[in-house]
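Below, read A as the first sequence line, B as the second, and so on, with proteins coming before strands; counting in each chain starts at 1.
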Protein chains: 2
Amino acid sequence: MGNSMIQIITKRKTREEILELSVPLFARCGYDGVSMRDIAAAMGLTPAALYYHFTDKENLYLDVVMHACRERSAELKGILDGLGSPWTRLEEYVAGLARLNATDKDFLRLMQWVMLDSNETRQYKLAEHVFRDQFVAVHSLAAELDPRHDAHMLAVSIIGLVFFHFEAGTTRQFMPGHRTQQDNPAVLAQHVIGLLRNSLGKSDEGTRYRTVADKSCLK
Amino acid sequence: MGNSMIQIITKRKTREEILELSVPLFARCGYDGVSMRDIAAAMGLTPAALYYHFTDKENLYLDVVMHACRERSAELKGILDGLGSPWTRLEEYVAGLARLNATDKDFLRLMQWVMLDSNETRQYKLAEHVFRDQFVAVHSLAAELDPRHDAHMLAVSIIGLVFFHFEAGTTRQFMPGHRTQQDNPAVLAQHVIGLLRNSLGKSDEGTRYRTVADKSCLK
DNA sequence: GTCTATATAAGGATAGAC
DNA sequence: GTCTATCCTTATATAGAC
């Protein structure tokens with residue numbers, strides 16, 4: 001009995017280690033680009049050992065992506081569910097999302113793989129576990145920010161403004177006007193907030209037209 | 001001589017057909033997800049025949065992506081190089097980019113694969129042939145639109161606002177607030193232009209604050 | 001130009017020993 | 001839990017006939 005307890009704990013531990021070590025592999029090369037042999041080699045195991053912990057490659061992949069997301073998006077959820085004014089939460093969320101994407105390239109690329117997945121049912125499962133919670137929160141925030149806009153489209157635009165900047169990161173660096181400071185998440189956040197400031201209804205706070213004087217969104 | 005001419009023409013024709021038929025395959029499943037067998041089968045050929053026209057899979061893939069882009073982004077380039085005012089060109093470009101992405105899912109997905117490519121030199125080659133021309137044009141447009149903004153970041157934001165909407169299309173449809181009309185490129189274009197209108201300096205035209213009266217960006 | 005046949009490697013997955 | 005050994009399938013690519 002005590003023995004089986006140890007087995008379970010050990011199994012859990014190895015399982016978690018496999019998940020954690022697989023994240024960068026799948027992030028870099030995607031589902032088809034990584035073999036069970038690759039994963040086993042990265043772990044210092046043989047491929048056969050992986051099948052003790054996971055039924056097949058598909059389930060291993062699903063668990064890896066969900067594991068990576070559960071860990072990494074908790075902070076953002078906290079911001080979105082926070083108490084500040086909608087505009088404050090937006091600023092913090094944009095800054096947080098930019099920081100996450102700048103810091104953790106693996107997370108960024110996993111999201112890209114999810115959106116490109118050619119297996120429909122797999123994509124649906126992942127989208128539900130990975131995007132739904134956060135999108136629901138951004139969607140309500142968008143509705144609070146400016147009820148005159150379409151909340152769904154505004155939510156997508158907010159996320160897209162941050163996300164695409166990093167998604168295009170590796171190609172952007174070869175394009176005209178690139179400077180290294182643009183990869184600084186704080187700089188991007190300021191840019192995005194500057195873009196959104198005048199588009200969203202802040203007239204009730206008397207700040208709707210403040211951009212002319214406010215230099216924070218200017219170069 | 002006349003005979004060799006026929007051979008060259010035939011070779012060209014078959015080559016073009018292979019490229020055209022490979023676009024949807026690579027668009028759907030990416031480089032690793034498509035085999036030479038798949039392509040040959042789609043063509044009604046054997047894999048060996050492909051190696052008469054292309055040295056290897058890598059070069060076939062490169063040619064497919066470049067072929068698809070050359071054909072599809074010509075219209076957008078025309079808009080960007082057009083004669084209208086910067087703001088007019090922006091509106092037309094956003095509308096054109098939205099239409100292209102909505103109409104041609106293959107193009108959209110090929111762009112995604114390029115940005116995710118794990119082969120660095122391959123990604124660089126593709127980025128140069130696929131993005132540079134258009135980005136240069138959007139970059140100058142951005143500089144004209146509002147010299148106070150960082151033109152590079154503004155250009156990325158303009159493209160990202162349109163692109164991400166469609167990139168997230170398959171997952172977006174399961175998220176709250178989704179309505180089918182949001183997939184209409186004209187609706188998206190209006191949304192994006194509405195967002196940008198107040199952020200970009202149009203004060204010299206006396207229209208900077210016109211959003212309060214202008215209902216086109218409202219739901 | 002396209003075929004058949006085949007070399008050679010890499011992939012997912014399992015059986016059974018330890 | 002992990003190993004060795006192996007099965008079977010699929011992959012890229014080439015040689016040589018037609």
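Between A/Asp32 atom CG and C/dG12 atom C1' there is a gap of 12 Å when expressed in whole angstrom units. Counting to the nearest Å, the P atom of D/dT2 and the CZ atom of A/Phe54 are 11 Å from each other. Between A/Leu45 atom CG and D/dT4 atom P there is a gap of 11 Å when expressed in whole angstrom units. One atom, CG of A/Asp38, and another, C1' of C/dA10, lie 10 Å apart when rounded to the nearest Å. Distance A/Tyr52 OH to C/dA13 P: 19 Å, rounded to the nearest Å.
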Given B/Phe135 and B/His152, is the ring pair (Phe, Tyr, Trp, His ring centres under 6.0 Å) satisfied, shown in steps?
CA-CA 9 Å; B/Phe135 188 87; B/His152 179 89; 5.3 Å; yes
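Looking at B/Arg99 and B/Glu92, no side-chain N of the basic residue comes within less than 4.0 Å of a carboxylate O on the acidic one, giving no salt bridge. The existence of a salt bridge linking B/Glu120 and A/Arg28 is excluded, since no basic side-chain nitrogen approaches an acidic carboxylate oxygen closer than 4.0 Å. Between A/Arg72 and A/Asp106 there is no salt bridge, since no side-chain nitrogen of the basic residue lies less than 4.0 Å from a carboxylate oxygen of the acidic one.
Within the nucleic acid shown, A/Gly33 has no heavy atom closer than 4.0 Å to any nucleic acid atom.
Annotation for B/Ala142 and B/Leu154: closest pair O-CD2, 3.8 Å, computed over non-hydrogen atoms.
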Scan nucleotides 12-18 of chain D nucleotide by nucleotide, 5' to 3', and note B when protein non-hydrogen atoms come under 4.0 Å of the base, S if they reach only the sugar-phosphate, - if neither.
BBBB---
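Between B/Phe164 and A/Phe164, the gap from one ring centroid to the other reaches at least 6.0 Å.
A sub-4.0 Å separation between OP1 or OP2 of C/dC3 and a side-chain N or O of B/Thr46 is present.
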